[in-house]
Trainee: 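My questions will all concern the structure given below.
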Amino acid sequence: MRLRRREILFLIGCLLFCGTMTAFADKDDNLQTRAFIDGVRYYEAKNYTEAVAVFEKLVFDGIRNGKLFYNLGNAYLKKGDLGPAVLWYERAMALISGDPDLQFNLSYAKSLVKDEGGEAPSPVFQVLFFWKDMFRLNVLQWTGILLNGLFWLLLGLTRVFQKSVLRSFCYGALILSVLFLGTAGWRMAETKYHPKAIILPAAVAVRSGFAPESTELFELHGGTKVAVEKQSPGFLKIRFSKDKIGWIADTAAGIIK
Amino acid sequence: MKQLVGLFCLLFFFPQSLFAETVQAFVDRTTTSMDTPIQLTVSIPSRDATVDTSVIKDFEVQPAGTSTQVQIINGTTHQEETYRFLLIPNRSGRLTVPSLRVHFDGQTHHTQPIEVQVAKGDNRARDTGGPGIEVKAEVSEAAPFIGQQVIYSFVLRFGIQIANTKYTAPDFSGFTAKQIGEQQSRQRVISGHRYQEVMLSYLLIPMKTGPLTIAPAVLRCDTVSQQHRRSDSAGRFFNDPFFSDSFFGNRQLTPRILRTEPLTIQVRALPAETGQAMFSGLVGHFTMSASIEPMQIKVGDSATLVVTVAGTGNIMDANAPVIEVPDAFKQYADTPESDIKLGSEGYQGKKVFRLALVGVTPGAYQVSLGQSTYFDPKESAYRSLAVSPLSIAVQQADGPRENPVVFSSSENRAALPGIVKKKVDFVGRDILPIKTGIDAVAHREEMTFAGFLTAIVLPALFFLLGMGGMKWFKKNGNPATVMTQKSIRALKVATKSVGDSNAAFLSNLYRSLVYGVCAKAESCSESLTYAEAGRILQAAGISAQQSDRVSDLMKKIDSARYSGFALDRTEKDVLLSETARIVKEVLR
């Protein structure tokens, strides 16, 4: 089979395009690595403002990494911005909750938060669903998916070989997969439909409405965790506790995604 | 005629104009006092309206319920929603309830502003000649020093029946404030009237110097009064004491607001220290005592030095005194123990510091405690906290000693003997360092909800596909099915090759017949003798006559195949149609 000249030129073009794209991707990776190293240097030189700018740029470039979020939390905390520091630590917790450094720093940052109280899950709920926050979300997801796959495989083998021992394993896999998948789904739905947010400025007035002249109901301080009840353009309806609900500007709180 | 038309128009339009959709706001009175709230009513000709009361600044607004009224006039339904609010004046003077924005049916309407004259209130409310209700606030010290404990007391005294009380404590700005215990109640007789007195106390510690004002404490309540009995003829019927019971709602509640007078406190700075001793930071009245037990030990044995600081004031801030221990001792400090209570005079109690001394070198020694001062606000002077040096003698031990037993607080005693356990406390606070590995810039893709659901559903689909496939293979692996399909296929090929050579055409016809017979026998075979075909068909329940026809057709095809005669198109068509018919009958 002989290729025509036009087809050969098209193939060469495709190869060149792919090569260029790969080169651009590599170049992007290199730039991000270099920027990250710069950020670390700024941090170590106690230039926290620059470190925040560099780490934040990496996040805005689309990198989602718990360690990067942790570094951003550290840089903000050293800079003296408690609210954003807690926000980035919380975001890191969603990805690397088992990291002891993160747990230590978040605990320290929370100890600096001025507002006491807030909403805590009921003790009954904590006892009945103790496993809910025990694992990272992706661990729950993948364990559930693998168990689900195992269940269907065992179900197929049970149908073929008709062995009762396989049926027992099948039921076991089903129960475990429902448990893990249900918990993962619950966590994902919670993040999507009942998100939590962190107050960013040092102090923010929570009002009864959108208008600046609306009654100031209470005041919250940087780093305080609240539940987001409703999102309107430019505003968030937040709940600090059962009896403390109001509106704030959406720039005054960062949602933990 | 014109008059009739005019009358009709009047009758037609009058009810319409009467119920024109307007928003109205009105108050139950336009003159009130600081201690009497007014009721604001907003009437709206629609449901699901929102009334923006955030613009009301001169009053505190409390929702007091809504009601709906539906009227049907001339067949037209008119609905009116009424929103009620309780307005509590924030100050006296001419106050305004501004124009309120009311939003309903996609439109915003405005009410008319209302002016209300508010007179200065009284912290007392009293019916003519009878006992009343009053509130007052007082502090134990009008000119305290910074850090001095001050007791703030709120007293509610009432000789009439009250209900729905709601107390709002003042904002103790400039103080640290803590409520002392629960409220205390007692009964008193004043001017021949019996009063109930309720008192609430707070401990205040001024945090800055200068004048500090404690805003009024506010008490909201409803005074309960009996309604007058009916005097008309119908009312006399109900004048039975049975109907006077509160169950029949003859109680009348009147909302009242009582405010205490604001209190101004002049907070004084502590005077300059004059002595040599260091100021301990304590403000109040304190004493210090110290002891060593035992006072004689042997080398390797331990004695316990106990220093107790006790008194009234900020005792929790007391630090361990400076203790000068000779080098002849090893020393182990224990966790301080506190026994502090918040009482009617503020914080009082004691703090105990213990130091274990282990004798190392024999001899007679003195342990002295550094002198410090505290500020006594009653005397307006600094007072010394000091104790005389304590003596202790260390004697030569009888033999070698290891792991001396030293005193430890109750929480650490389990670890004895031998080692003084200490709770690990932070001596400095900082965060742990950042992550420097470049894996921190690796993007971690998270699973989307759709991906998650797909991953769950996919194995189920595979399972269903697998089951379906198995079923299909099971069905299609049957020899009868295979042979039937092969027979039909061979017949089709023969039909197509009717114009081709004899060999291909006849061969396909023959195969179609053989496969058809095999399908009946549920066995796979490529060739059969005529006798075998007959036996198979008869065994399968085909009549002998039909079996013979199949055998005959097979012979006919065979003879045509191997005779060498070329069949013309008509002969081929006849043979094809006969074969097709017989195959169809066999496979039926």
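Predicted model, so just to flag it, every value in this text is computed and none were measured.
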Trainee: Under 3.5 Å, which donor-acceptor pairs link chain A to chain B? Give each pair on its own line with the distance.
Mentor:
from	atom 1	to	atom 2	distance (Å)
A:Gly62	O	B:His443	ND1	2.9
A:Arg64	N	B:His443	ND1	2.9
A:Arg64	O	B:Arg444	N	2.9
A:Arg64	NE	B:Glu446	OE1	2.3
A:Arg64	NH2	B:Glu446	OE1	2.9
A:Asn65	ND2	B:Asp439	O	2.8
A:Asn65	ND2	B:Ala440	O	3.4
A:Asn65	ND2	B:Ala442	O	2.7
A:Lys67	NZ	B:Asp439	OD2	2.6
A:Tyr70	OH	B:Leu432	O	3.3
A:Tyr70	OH	B:Pro433	O	2.6
A:Asn71	OD1	B:Lys435	N	2.7
A:Asn71	ND2	B:Lys435	O	2.7
A:Asn74	ND2	B:Leu432	O	2.9
A:Lys78	NZ	B:Asp430	OD1	2.8
A:Lys78	NZ	B:Asp430	OD2	3.2
A:Asp99	OD1	B:Lys435	NZ	3.1
A:Asp99	OD2	B:Lys435	NZ	2.8
A:Asn105	OD1	B:Leu432	N	2.8
A:Asn105	ND2	B:Leu432	O	3.1
A:Asn148	ND2	B:Ile456	O	2.7
A:Glu213	O	B:Lys57	NZ	2.4

Trainee: For B:Leu432, I'd like to know if atom CG has over 12 heavy atoms of other residues, nucleotides or ligands within 6.0 Å.
Mentor: yes
Trainee: Any chance you could measure B:Ile434, atom CD1, to A:Leu72, atom CG, to the nearest 0.5 Å?
Mentor: 10.5 Å
Trainee: In terms of heavy-atom pairs under 4.5 Å with chain A, which of B:Pro433, B:Ala455, B:Ala440 leads?
Mentor: B:Ala440
Trainee: Hey, is CZ on A:Phe104 packed in by over 12 heavy atoms from elsewhere, all under 6.0 Å?
Mentor: yes
Trainee: If you draw a 6.0 Å radius around CE in B:Met316, do more than 12 non-hydrogen atoms from other residues or ligands fall strictly inside?
Mentor: yes
Trainee: Chain B heavy atoms under 4.5 Å from A:Leu181: which part of the residue, side chain, backbone, both or neither?
Mentor: both
Trainee: If you look at every heavy atom in B:Phe452 and A:Ala184, which pair is closest and at what distance?
Mentor: CZ-CB, 3.8 Å
Trainee: For A:Leu95, which atoms come within 4.5 Å of any heavy atom of chain B: side chain, backbone, both, or neither?
Mentor: side chain
Trainee: Under a 4.5 Å heavy-atom cut-off, does chain A meet the side chain of B:Phe449, its backbone, both or neither?
Mentor: both
Trainee: If I take atom CZ from residue B:Phe462 and atom CG from residue A:Leu153, how far apart are they, to the nearest 0.5 angstrom?
Mentor: 12.0 Å
Trainee: Contact part of B:Met447 toward chain A, heavy-atom cut-off under 4.5 Å: side chain, backbone, both or neither?
Mentor: both
